[in-house]
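Since this is a predicted model, take the numbers as computed values, not measurements. These values consider heavy atoms only, across backbone and side chains, with no hydrogens, waters or symmetry-generated copies.
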There are 2 protein chains.
Amino acid sequence: MQTTSSPGNESRHKIELALGERINALISATRALSERSAAHFHPRLQPAAFHIARWLYAFGPARPSEVAEAVGMDRSSTSTLIGKMRSLGLLDSSPAPDDRRSIIVRLSAEGRQRVAATLEERGKEFYTRTQDWSTDDLARLVELLGRLTAERSSETES
Amino acid sequence: MQTTSSPGNESRHKIELALGERINALISATRALSERSAAHFHPRLQPAAFHIARWLYAFGPARPSEVAEAVGMDRSSTSTLIGKMRSLGLLDSSPAPDDRRSIIVRLSAEGRQRVAATLEERGKEFYTRTQDWSTDDLARLVELLGRLTAERSSETES
DNA sequence: TGATATGGTGGAGATATGCAAACCACCTCA
DNA sequence: TGAGGTGGTTTGCATATCTCCACCATATCA
């Protein structure tokens with residue numbers, strides 16, 4: 001399955017570049033939406049809390065430092081935000097099984113519901129783009145994106 | 001092609017929801033990358049300049065207010081950043097043909113090159129995820145993402 | 001055991017960005 | 001023509017976030 005050094009490599013590389021550009025276009029196109037969602041996520045929380053909550057929503061429970069690394073925020077801000085979200089009941093924490101210094105944070109039912117509501121509400125405009133897509137294409141895109149994001153850090157650790 | 005009111009609608013809606021979740025997972029997964037790219041884009045520019053440059057890279061020349069709206073920043077910050085990028089030679093502006101109050105900004109060759117370099121450099125880690133994909137799947141994903149982001153504001157205006 | 005490293009938390013100061021308001025040039029409409 | 005609106009720019013201010021830095025509890029390694 002490794003095609004890294006076979007001929008025909010060049011067009012493969014072109015496709016990979018094209019994928020990079022498309023993903024970047026998607027991220028650019030959704031950035032305004034992200035920021036506005038973050039701003040409206042919770043009236044008593046800073047915008048960045050939404051990025052944390054959304055990551056937990058997408059990838060499940062994790063340690064604070066893992067979250068900070070994954071969303072590109074520093075640990076102290078992440079820690080503060082996590083504290084606030086916990087006191088608002090949006091997420092719970094439990095001790096990490098393998099390291100007593102550490103904890104595992106996870107969205108509470110309310111937190112999950114609130115993220116879902118924010119995504120749903122703010123995403124409406126964007127998803128009108130797929131109105132005239134065939135269900136097949138839609139399903140294929142879902143499947144491919146799923147594969148793209150499935151990996152979850154299992155190899156970024158040492 | 002409009003299936004909006006036919007039966008079988010419910011599974012359609014499920015797929016649309018799933019797409020939303022996948023796109024959000026992708027955005028969450030790439031957020032750290034975005035922020036770090038933004039921070040390293042140019043030593044004399046604030047991070048947000050990268051978001052502007054990247055949008056222009058993806059969607060082409062536009063008016064400042066259009067850019068601000070699209071990337072979810074306010075106009076004053078956008079204006080300032082555009083000024084700085086212009087003085088650094090990363091982008092050019094020309095008068096808008098239809099409105100003499102307005103201008104059109106576009107990436108210069110150097111700006112385009114610098115965005116591409118940033119994307120390339122910082123994106124390496126991420127794109128290892130597709131190493132064992134078939135070229136077919138890769139191409140399909142490129143095509144579908146292209147359709148998703150193709151529209152470019154032609155209907156968000158009045 | 002001791003020495004050093006790491007995860008989480010908190011604070012102090014610097015910076016980036018948002019928000020509000022003012023201004024000018026220009027557009028639109030009456 | 002005049003009145004009010006809009007695009008771009010600039011300024012002042014509020015706030016969010018980052019960058020260190022220190023601290024504690026625990027882990028790891030000698």
K.L.:
Any chance the side chains of Thr149(B) and Arg22(A) put a donor and an acceptor closer than 3.5 Å?
P.N.:
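No, Arg22(A) and Thr149(B) have no side-chain donor paired with an acceptor closer than 3.5 Å.
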K.L.:
Given dG7(C), is OP1 or OP2 found less than 4.0 Å from the side-chain N or O atoms of Arg75(A)?
P.N.:
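Yes.
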K.L.:
Hey, what do you get for CD (Glu35(B)) to NE2 (His40(B)), rounding to the nearest 0.5 Å?
P.N.:
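Spacing of CD (Glu35(B)) from NE2 (His40(B)) equals 12.5 Å.
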K.L.:
Starting from C1' on dG8(C), measure out to CE on Met85(A) and report it in whole angstrom.
P.N.:
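These atoms are roughly 15 Å apart.
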K.L.:
Calculate the interatomic distance between Glu66(A) atom CD and dG7(C) atom P; express it in whole Å.
P.N.:
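My rounded result for the distance is 11 Å.
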K.L.:
In whole Å, I'd like the distance from the CZ atom of Arg101(A) to the P atom of dT9(C).
P.N.:
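The answer, rounded to whole Å, is 13 Å.
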K.L.:
Could you check Ser76(A) against Ser79(B) and say which one's nearest nucleotide on DNA chain D is further toward the 5' end?
P.N.:
Ser79(B)
K.L.:
Atom CD of Gln46(A) to atom P of dT17(C): distance rounded to whole Å?
P.N.:
17 Å
K.L.:
Go nucleotide by nucleotide along DNA chain D from the 5' end; which of Pro47(A) and Arg86(B) gets its closest nucleotide reached first?
P.N.:
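Between the two, 5'-proximity favours Arg86(B).
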K.L.:
Find the distance Glu35(A):CD to dC19(C):C1' and express it as a whole number of Å.
P.N.:
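The answer, rounded to whole Å, is 15 Å.
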K.L.:
Quick check against the 3.5 Å criterion: does Thr130(A) have a side-chain atom that pairs as donor or acceptor with the backbone of Trp133(A)?
P.N.:
no
K.L.:
Just by distance, no angles: are the side chains of Thr118(A) and Arg54(A) close enough, under 3.5 Å, to form a donor-acceptor pair?
P.N.:
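No, no side-chain donor-acceptor pair sits under 3.5 Å.
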K.L.:
Chain B on DNA chain D: first and last contacting nucleotide, 5' to 3', under 4.0 Å to a heavy atom?
P.N.:
dG5(D) to dT11(D)
K.L.:
Report the distance from atom CG of Asp99(A) to atom P of dT6(C), rounded to the nearest whole Å.
P.N.:
12 Å
K.L.:
What is the distance from CG of Asp74(A) to P of dG10(C), rounded to the nearest Å?
P.N.:
14 Å
K.L.:
To the nearest Å, how far apart are Ile52(B) CD1 and dG18(C) C1'?
P.N.:
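Distance check: Ile52(B) CD1 to dG18(C) C1' gives 13 Å.
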K.L.:
Students often get this wrong, so: under 4.0 angstrom with heavy atoms, is Ser77(B) touching a base, only sugar-phosphate, or nothing?
P.N.:
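Base contact.
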K.L.:
For Thr80(A), report the nucleic acid contact type (base, sugar-phosphate, nothing); a contact means any heavy atom under 4.0 Å.
P.N.:
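Nothing, no heavy atom under 4.0 Å.
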K.L.:
With a 3.5 Å distance limit and no angle check, can you tell me whether Ser77(B) reaches the backbone of Met73(B) through a side-chain donor-acceptor pair?
P.N.:
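No; judged by distance alone, with no hydrogens or angles, the pair does not exist.
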K.L.:
Verify, without hydrogens or angle tests, whether Arg122(B) (side chain) and Leu33(B) (backbone) share a donor-acceptor contact under 3.5 angstrom.
P.N.:
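Not a single qualifying donor-acceptor pair exists.
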K.L.:
Salt-bridged, Lys124(A) to Glu120(A), with N to O below 4.0 Å?
P.N.:
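Salt bridge between Lys124(A) and Glu120(A), a charged N being under 4.0 Å from a carboxylate O: no.
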